[in-house]
Amino acid sequence: LHTYNTIINGLCKIGETTVAAGLLKRMNDAGCQPDVVTYNTIIDSTCKDRLVHEALDIFSQMKGKSIKPDVITYTSLMHGLCNSGQWKEASALLNEMMGLNIMPDVVTFSMLIDTLCKEGEVSEAQGVLKKMTEKGVEPNIFTYNSLMDGYCLRREVVEARKILDVMISKGCSPDVLSYSILINGYCKIKRIDDAKQVFDEMIHRGLIPDTVSYSNLLSGLFQAGRVLEAKEVLKNMYTQGHSLNLITYSILLDGLIKQGCFDQALELFRDMQNSYLKPDLAIYNTIIDAMCKSGKLKDARELFLELSVKGLQPNVRVWTTIINGLCREGLLDEAYKAFRQMEEDGCPPD
RNA sequence: GCGUUUGAUGAGCGU
């Protein structure tokens, strides 16, 4: 059973939920009865594939076989429902589980808090925090990080900072994520010096900044027009042995372009094409947009055509960039043609 | 005795 569960989990984690579900069926035939772990693994993975309805079907099957769902089953399902905006259904499940005397734990509460925060409902989230504490469930680093991010999304970075201090005073040591959330928050409100200070503070506390914390700082510096400092940070990043990923590249490219260093950006783009990293749609879109906006519509259209050669299907954002580029040049007929073609290509306009 | 399988948190592009 452990072997089956381990393999099913592995399959789910590499995106083969269907194969995993097939294995679940074969277990039944092979006389090895799946348990709550088997079902939880598949239910969670099905939810993450955004097939919450199917997950609920599997949930019913499981109950039909008298396998008792536990707090993990309910948390996975509620997470799936929340991610697809089905709040009522999620709250019905919460009631159902409590009716069965299955009490939400710190993961359940943190998930709910995170969901509320992402919707901008930080005071609601604070309410949940209060409730969980009353029930004797102590918040952990996940709970605090979600709350911090919630405040940062609302640009209430001072509140986020207070949470970080609460964490420290409660002996819940902030991790790299906590700091990178705060760095991002300060960058978004253009308080770059505070962001830098938080970055240093993180190092002083013995944490090793990762690619995300560097990325946050980089994009903040670019947005503030502090290109030289950005390059300095990039150098540090290399020195510390971090390599660039697609997101870091796109931050650099976008930053260089928006600061008027188009040639440097183009050079970086060429480097990238020669590296093992294959530019994704966001990278192409950055370059295409820059070309459109600097009167190089011809180059932009060439690059756009190159996408399908590279096996990339333009998404809504890329189409919008191109349509906007055509409109700017007054080529309204061409723009309209593109508009119709995107639908034909199975990319409905938004 | 212990460990071994399932759930929660951070960065990029267009209008």
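By convention in this document, chain letters (A, B, ...) are assigned in the order of the sequence lines, proteins followed by strands, and residues within each chain are numbered from 1.
Secondary-structure stems of RNA chain B, taken as three or more successive Watson-Crick or G-U wobble pairs (i with j, i+1 with j-1) under a 3.5 Å distance threshold, are lacking entirely.
The separation between A:L326 atom CG and B:rU15 atom P is 14 Å, rounded to whole Å. Following rounding to the nearest Å, A:R317 (CZ) and B:rU15 (C1') show an atom-to-atom distance of 9 Å. In this structure, A:D280 atom CG and B:rA11 atom P are separated by 16 Å, rounded to whole Å. The CG atom of A:N5 sits 11 Å away from the P atom of B:rU5 (whole-angstrom rounding). Counting to the nearest Å, the P atom of B:rG7 and the CG atom of A:D105 are 13 Å from each other. Across the protein-nucleic acid pair, A:I322 atom CD1 and B:rC13 atom C1' stand 13 Å apart, rounded to whole Å. A straight line from CG of A:L129 to C1' of B:rU9 spans 14 Å, rounded to a whole angstrom. At whole-Å resolution of the value, CG in A:D289 and C1' in B:rC13 are 8 Å apart.
Considering only side-chain N and O atoms, A:K258 lies nowhere under 4.0 angstrom from the phosphate OP1 or OP2 of B:rG12. Regarding contacts with the backbone of B:rG14, every side-chain N or O of A:N285 stays at 4.0 angstrom or more from both OP1 and OP2. Phosphate contact (OP1/OP2 of B:rG10, side-chain N/O of A:K118, threshold under 4.0 Å): present. For A:K188, no side-chain nitrogen or oxygen approaches OP1 or OP2 of B:rG10 to under 4.0 Å.
Here A:S250 lies in heavy-atom contact (under 4.0 Å) with a base. Using a 4.0 Å heavy-atom cutoff across all strands shown, A:S180 reaches at least one base atom of the nucleic acid. Within 4.0 Å of A:H2, counting heavy atoms only, lies at least one base atom of the nucleic acid. Contact annotation for A:S178: no contact, since no heavy-atom pair falls under 4.0 Å across all strands. Heavy atoms of A:D350 sit under 4.0 angstrom from at least one base atom. Within 4.0 Å (heavy atoms only), A:V71 reaches at least one base atom of the nucleic acid.
Between A:P139 and A:Y144 the shortest heavy-atom distance is CG-OH, 3.4 Å.
Under 3.5 Å, the side chain of A:D70 and the base of B:rG7 form no donor-acceptor pair of N or O atoms. For A:S76 against B:rG7, a side-chain-to-base donor-acceptor contact under 3.5 Å is absent. Side-chain atoms of A:T321 stay outside donor-acceptor range of the base of B:rG14, with no qualifying N/O pair under 3.5 Å. Under 3.5 Å, the side chain of A:T286 and the base of B:rG14 form no donor-acceptor pair of N or O atoms. Scanning atom types as modelled, no donor and acceptor separated by under 3.5 angstrom connect the side chain of A:D210 and the base of B:rA11.
Open room surrounds NZ on A:K337; 12 or fewer heavy atoms of other groups in view lie less than 6.0 Å from it.
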Practice problem: Report the C-alpha separation of A:Y238 and A:Y214 in whole Å, then their side-chain angles, then the decisive distance to 0.1 Å, and conclude whether the ring-ring contact (aromatic ring centres under 6.0 Å, His included) test is met. | Solution: CA-CA 11 Å; A:Y238 278 128; A:Y214 276 108; over 10 Å; no

Practice problem: Determine, stepwise, if the pair A:K131 / A:E134 fulfils salt bridge (charged side-chain N to carboxylate O under 4.0 Å, His left out). | Solution: CA-CA 5 Å; A:K131 193 162 237 157; A:E134 282 165 9; over 6 Å; no

Quiz item: Under the side chain to side chain contact (heavy atoms under 4.5 Å, CB included) criterion, do A:V316 and A:M342 qualify, and how do the steps go?
Solution: CA-CA 8 Å; A:V316 198; A:M342 69 186 283; 4.2 Å; yes

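Salt bridge present: A:E201 and A:R161 bring a charged side-chain N and a carboxylate O closer than 4.0 Å. Using a 4.0 Å cut-off between a side-chain N of Lys or Arg and a carboxylate O of Asp or Glu, A:E329 and A:R301 do not qualify as a salt bridge.
Aromatic ring centres of A:F262 and A:F269 lie farther apart than the 6.0 Å criterion allows.
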